[in-house]
Amino acid sequence: MGRKILSNNYKPYFYNMGLYEYMMLKDEEQWKDLWKNGTFLTHHIEPKEKFSLFALYNFFVEVELDFKTNKIISKRHFKAGDILDRYAGNIDINNI
């Protein structure tokens, strides 16, 4: 019986990807990783825009949704700043 060789893409379950590594993934791989490892935190709703915030490893991913259809429009990733500020009243970031 031969040894099993793991692909170069193998990551142990405890792997903690950084923001830069995440940004280097193809878009499809970013989405897969977000759905598998991300933690939903909260929504932010404005008159014509809807957003969902996820914690992923040591950074955040914001998913923009179409207001009427709820379909995904885009995503952006960040560690801090103005984008995160809009969620300040909705969640306790210290519990993440």
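Side-chain atoms of Asp33 and Leu56, non-hydrogen and from C-beta on, do get closer than 4.5 Å to each other. Leu53 is not listed as a side-chain neighbour of Phe40, based on a closest heavy-atom distance of 4.5 Å or more. Looking only at side-chain heavy atoms (C-beta outward), Val63 and Phe51 stay at 4.5 Å or farther from each other. The shortest distance between side-chain heavy atoms of Tyr57 and Asn37 falls below 4.5 Å. Contact check for Tyr22 versus Phe59: side-chain heavy atoms found under the 4.5 Å cut-off.
To the nearest 0.5 Å, atom CE of residue Met24 and atom CD of residue Gln30 are 10.5 Å apart. Between atom OG1 of residue Thr42 and atom NE2 of residue His44 there is a gap of 9.5 Å, rounded to the nearest 0.5 Å. If you take CG on Leu25 and CH2 on Trp31, they are separated by 13.5 Å, rounding to the nearest 0.5 Å.
In the hydrophobic clustering of ILVMFWY residues, with side-chain heavy atoms under 4.5 Å counting as a link, Val61 and Met23 come out together.
Residues passing the ring pair (Phe, Tyr, Trp, His ring centres under 6.0 Å) test with Tyr20, sequence neighbours excluded: none.
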Next item on the list: Run the numbers on Ile72 and Glu64 for side chain to side chain contact (heavy atoms under 4.5 Å, CB included), then give the verdict.
Entry: CA-CA 6 Å; Ile72 294 172; Glu64 182 180 2; over 6 Å; no
Notebook entry, point to check: So Phe60 and Leu41, side chain to side chain contact (heavy atoms under 4.5 Å, CB included) or not? Walk me through it.
Noted result: CA-CA 10 Å; Phe60 300 96; Leu41 299 176; 3.8 Å; yes
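Here the closest heavy-atom approach between residue Thr69 and residue Asp66 is recorded as N-OD1, 2.8 Å.
Within a 6.0 Å sphere centred on CG of Asp82, other residues, nucleotides and ligands contribute 12 heavy atoms or fewer.
Applying the salt bridge (charged side-chain N to carboxylate O under 4.0 Å, His left out) rule to pairs touching residues 46-61 yields Glu46-Arg86, sequence neighbours excluded. Annotation: salt bridge (charged side-chain N to carboxylate O under 4.0 Å, His left out) contacts involving residues 69-81, sequence neighbours excluded, comprise Asp27-Lys75, Glu62-Arg76.
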